[in-house]
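The sequence lines fix the lettering, A, B, ..., with proteins before strands; numbering per chain opens at 1. Basis for what follows: all heavy atoms, side chains included, without hydrogens, waters or symmetry-related copies. Please read all numbers here as calculations on a predicted model, not as lab measurements.
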Amino acid sequence: MRALYDCLDALLCEIQAHCLSPAPDLATPDDTVSVLFSQLMSAGTFLTDNISARHYFQLCRDWREQQAQDCPDLAGNRLLLRRVWQCRESVQQRTPAERLKQLLAERVRSAIDSLRVLPESPDSQQAWLRRTLDTAVAIVNGARFLADVPDTALHPPPHTARGLVRWLCALDSWFAADASDSHVPPVFGRELERSVGRCQVLRQELWQLQLLAGALLALESMGRDLNADKGLRYRGHCRALIKAATRAQQQWSHGAADADRQIRKVMRHALLLSSGDGQDDVGCSDSTPLTALTALPVAALTPLQQRLSAISGELSAGNPDTAADWAALSLRLYRLLVCLRMLGGGFVDSSLGHAQRNELQQWQMLVASLHGSANLCVQYSVVQHQDEACLLDLLRRLTGILQHDGEAAPDDPDLLLMAALMAARLGLRAQRHWQQLTLDLDAVQQDFAGMPVQHVLAAELHFLPAMGAPATAVATGVTVLPQDTLRDLRLLLKGARILNVQRIESLTLVMIDVYQEILASPVFAEAADISKALPRAHRSLCRMLDQAAAWQTPGDARRMINTLYACLERWRGDKLLNKTPLSAAPVMAAVNECPPGQHNDHWRGCLATNRRLRKLVRHQEDLDSIRVLLLELLRSQEDLIRRQADYGAGLDTNRQSV
Amino acid sequence: MATVLVVDDNVWAQQTLCSALEKCGYQTAAAADLAGVRQLLHQAGPTWRPDLILVELVRERGNGFSVAAWLQSRGQGTVVLLSERDDAADRLWARSRGVQHTASRAAGLDRLCALLRGILEGGDSARPV
C-alpha cells in the first residue's frame, strides 16, 4: 500500500508542477497532464481508504469538468490545485499499518524502559514479569495484522525474564531499523537522550553517560558489524565523552567554572552519538598518548618520580593482598595526586605552558581515578578479583611511563580511558550494593531514601559528633539528651550495618542499651562508674567515626564494650538488691589492666564476658541483630584467654585498642 | 601578618605549601601531627597562636578529622581541612565535627589564598575551595 501511495504522490507532484507553471496555455489542453490524470484515475481505483479515494475522485471529476469547458479559467485551475494538495495530504498521512506499527513500537519501548528501575525484590520481579508478558501477548496479537513483521513477533513470547528482554530488544531493533540509520542500538540512543536531558541537574547522569559510552565501546570490541568509517567517528565520540565526563565530575566537586564547559562537551558528544550523526570530526586529543612530563623543570619532576617510584616499590614487593596493603597503595596514589595538583595549581615555581597544563590535567584525572578505585578495593564486598588484577595492571602501566628518565616514553593512549571507566564502574557497583542493603534494612523508615549512606550520616547525626568533645553534658543526666542521643545512635546503627562497619555497630549496640537504661531510670546516669565511662565511650565512638569517614579501619572497642556492660550489670544487680546507685566503691573495669602477674583477673574477666554472652543469647530474641556484638565479645574473651596462655608461656603481649 | 600552621605528615607537600603561602604574604609554621602541634605550642609559649591551621585529611597515621576536630575544639585557631578526595561527605562530616572550612589544592594557590583571606576577614561564609 505504501508503494501505491508513493506512486500516487509522485503523480500528484507532477500535476502540481504543471498547475503552478507560469501562464499555462489553458486554451490548449496539455497532453502530459491528460496522461497523468488518466494514470491517476487508474491507480486511484486501488485505494482502500474511503477518504483518500473520495479526494481522488473529486479531483478527477473537477479536471474532467474543466476539460469540458470551452474556456478553462484560472479559478478552475486554482480549485484543481487545491484538490491536488488535499490528495497529497491524504497520501502522506500514515496508513493504518504504519499507525499500528508505531503503536506496537511504543509498547515495546515502554516495556524495555520499565527496566530502568530494576525490580529488587522477588515479588516485584514476578510482578514485572506478569505485566510484561501481558504486554508481549498484546504485541503478538497486534503484529499479526502487519505484513512485514519478523517471525519473532508472531511466536508466543518467552516466559523467562531473560528471554523476554531478549525478545523485546529484538523487536525494538526491528521497529527502529527503518526509523533511522543510526548505528547505535535504540536502547542506548534513548538512554543517551534521557541522560543528556537530565545532565544539567543530576551529577549521576554523568556517570551513567560514561558507562553507556563504555558499553558502546565494549559492543564494538565484541565484533558488532559496523561500517568502518562510522565506527571510527563513533569510537572517538565515546572516548571524548568519557574524558569530558570525568573532567566535569572532578571540576564540579571544586565548583570550578570550567565544569560547565566540560558538561557542554559531554552533551555535544552524547547528542552526536544518539542521533547517529558523527559527521564532524571529533578532534579529541585522545589520540595523543600520555607522554612523559619532560618539559617540567627537574625540581618539579623529582617529587613525581619519587612518588611513582614509591608506588612501583609497593607493587614490586608483591600484589596487595589485604586491606592494609591496598590502604598503603591508596596513600601513595593520594600523595601523587597532591603532588600533581600542587604542580598544576601554582604552588611550585614552574612556568607551565597551555599544553603542559592540559597534560597535567590528564595526569590528575588518571591518578584520581586510580586512587578512587584503590580505595574501593579496601571494600572487598564490591570489588572482585578481576577488578583488582585490572587495577594492578593499570598501576604498573602508570609507573612504567615515567621510568624512562625523559627518553621516549611508551605510548599508552588507553590508560586514562580505562582508569576512568574502572573508577566509574566500581563506584556505581558500590552505590548499587549499598542501595540494595539500604532497601533491605531501611525499607520501612527510609532514613536513607535515595541518598548515599555516608552523606546522610555526616549530615543527620546532630548530637553524637559533638559529644566526642572533651566536655559533654552526658554526665549531668539531662533527660532530653538520652532520647536525642538514642535517635542518633539508632540512625548510626542502621548506617553501620549497611556499610558493614562491625566495630562501630557493636559499640553502638551497647551504647543504645545504656541509653535505654538511662531513659528508663534517669538516676543511672548519675552512677559513678557510668558517669566516667559514658563520655569515654562517646570519645571512642567519635574517634572510630573519624576513622571510618577517612576510609580507615576503625579501632577496636572491646574494652569499652566490656566496661559499659560491666556498668550495666552492676546497675541492674544493684537494682535487684535495692542498693543505692551512688556507690562510693571504685570502678572495676571488666577487663583489668593489670601487670601480667595478676592472672586471676584475666580469668575473672573471661568469666564475666562468658556470663555476658550467655545472658545476651538467652534474652535476645533476634540474635542476628546482635551478631557482631557477640563476635566482639567472643574476641575479647579470646584475648583474655590468649593473654593468660602467653603469661603461662612466659610471653607478654601488648595490644592496642580504642 | 597572619600566621598559618600547616599540619601534614607529607613532608614535600608541607614544605611546598609553606613556601607558597610565604610568597603570598603569610607567616608559616609546620607540624607533622598532633604531637608536633603540641610541641610547637609548648615551645612557642602561651602568647603564640596561629590565625589559621591547615590540616591534611589523609595521613599515614591517624586521620585528619580527629586532629582537626581536636584543634578546633581547643580553640587553637580556625581550622581548614585540606582534602583531594573530591568527596562531598568529607565536607559534611568535617562540619558535623565543628570544622567549618574545607579546601582542596586542585583549585589553585590563588583561590586557596582567597579563601584564607575570607576566613581571616571574618567570613565564616567563605565558600569552600
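For the options V58(B), D110(B), T16(B), L21(B), heavy-atom pairs under 4.5 Å to chain A are most numerous at V58(B). Taking A94(B), G62(B), C24(B), G64(B) one by one and counting their heavy-atom pairs under 4.5 Å with chain A, the maximum is reached by G62(B).
Closest of all the heavy-atom pairs between A13(B) and M342(A) is O-CE, 3.7 Å. Here the closest non-hydrogen pair linking R543(A) and S66(B) is CG-OG, 4.2 Å. Across all their heavy atoms, D90(B) and A549(A) have their closest contact at OD1-O, 4.1 Å. Across S96(B) and A458(A), no two heavy atoms sit closer than the pair CB-O, 3.5 Å.
The stretch residues 55-65 of chain B participates, sequence neighbours left out, in these salt bridge (charged side-chain N to carboxylate O under 4.0 Å, His left out) pairs: R335(A)-E60(B), E56(B)-R105(B). Residue pairs satisfying the side-chain hydrogen bond (donor to acceptor under 3.5 Å, both in side chains) criterion with at least one member in residues 35-55 of chain B, sequence neighbours excluded, are listed as follows: R49(B)-Q76(B).
Of the two parts of D8(B), neither the backbone nor the side chain holds a non-hydrogen atom closer than 4.5 Å to a non-hydrogen atom of chain A.
In this structure the side chain of L545(A) reaches within 4.5 angstrom of the side chain of W93(B), judged on heavy atoms. Annotation: side chain of F347(A) is in contact with side chain of L112(B) (closest heavy-atom distance under 4.5 Å).
Counting only distance, with no hydrogens or angles, the side chain of E84(B) and the backbone of Y334(A) share no donor-acceptor pair below 3.5 Å.
For N63(B) and W551(A), the side-chain atoms include no donor-acceptor pair closer than 3.5 Å.
The distance from atom CZ of R341(A) to atom CG of L82(B), rounded to the nearest 0.5 Å, is 12.0 Å.
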